[in-house]
Amino acid sequence: METAELQSEIKGILATLKWSQKKFARVIYAETNDIDNEDEIARFEESLKKDLSRPKIKPERLVEYLRILSLQEEFQKSGMILPVYSKSGLLSETMEEGMKDISLFVNGLISDEKSL
């Protein structure tokens with residue numbers, strides 16, 4: 001996934017879970033740091049907020065955020081899944097985009113079914 005897609009995916013999951021970006025930042029901070037420091041947490045909250053809107057953020061960082069998010073109990077109870085298709089380089093660009101769209105569609109169906 002590209003940066004904009006990853007940012008959109010994270011924001012969509014946060015909306016579904018009814019989590020603020022601030023709450024998400026605190027979860028990420030707690031998972032990646034041993035020491036809780038309110039000043040550092042506040043700085044990280046601002047940093048994460050920018051990470052979710054900057055066009056030049058490294059996708060690897062966003063993938064790590066998604067991984068941590070997917071391990072959270074609320075995410076797992078929600079029945080959501082992360083789209084897992086990643087480009088293989090073997091298919092045409094049109095086919096690659098189609099596979100990505102299918103993954104996103106299936107994720108949406110599963111999320112909708114769980115909310116019924």
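Only heavy atoms go into these numbers, but all of them, side chains included; no hydrogens, no water, no symmetry mates.
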So how far is it from [X] [atom1] to [Y] [atom2], rounded to the nearest 0.5 Å?
X     : Y     : atom1 : atom2 : result
Glu31 : Leu69 : CD    : CG    : 10.5 Å
Asp39 : Asn37 : CG    : CG    : 5.5 Å
Ile10 : Ile68 : CD1   : CD1   : 10.0 Å
Tyr65 : Leu48 : OH    : CG    : 5.0 Å
Ile41 : Asp36 : CD1   : CG    : 4.5 Å
Arg26 : Lys23 : CZ    : NZ    : 11.5 Å

More than 12 heavy atoms from other groups under 6.0 Å of NZ on Lys49: no
NZ/Lys58: more than 12 non-hydrogen atoms of other groups inside 6.0 Å: no
From CA spacing to verdict: side chain to side chain donor-acceptor pair (under 3.5 Å), Gln72, Trp19: CA-CA 12 Å; Gln72 301 308 304; Trp19 280 22; over 6 Å; no
Within the distance-only criterion (no hydrogens, no angle test), does the side chain of [X] pair as donor or acceptor with the backbone N or O of [Y] below 3.5 angstrom?
X     : Y     : answer
Ser8  : Glu5  : no
Thr16 : Gly12 : yes
Ser47 : Arg43 : no
Thr3  : Lys56 : no
Gln7  : Asp51 : yes

Close side-chain approach of Glu40 and Asn33, heavy atoms under 4.5 Å: no
Audit row: Met80, Leu17, side-chain contact (heavy atoms from CB on, under 4.5 Å) steps and yes/no: CA-CA 10 Å; Met80 283 187 284; Leu17 295 176; 3.6 Å; yes
Intermediate values then yes/no, salt bridge (Lys or Arg N to Asp or Glu O under 4.0 Å), Arg67 and Glu64: CA-CA 5 Å; Arg67 185 191 71 75; Glu64 180 63 10; 2.7 Å; yes
Least distance between heavy atoms, Lys11 atom then Ser53 atom: NZ-CA, 4.5 Å
Closest approach of Met99 to Leu91 (non-hydrogen atoms, all atoms of both residues): CG-CD1, 4.1 Å
Parallel, tilted or perpendicular: ring planes of Tyr29 versus Phe44, cut at 30 and 60 degrees: tilted
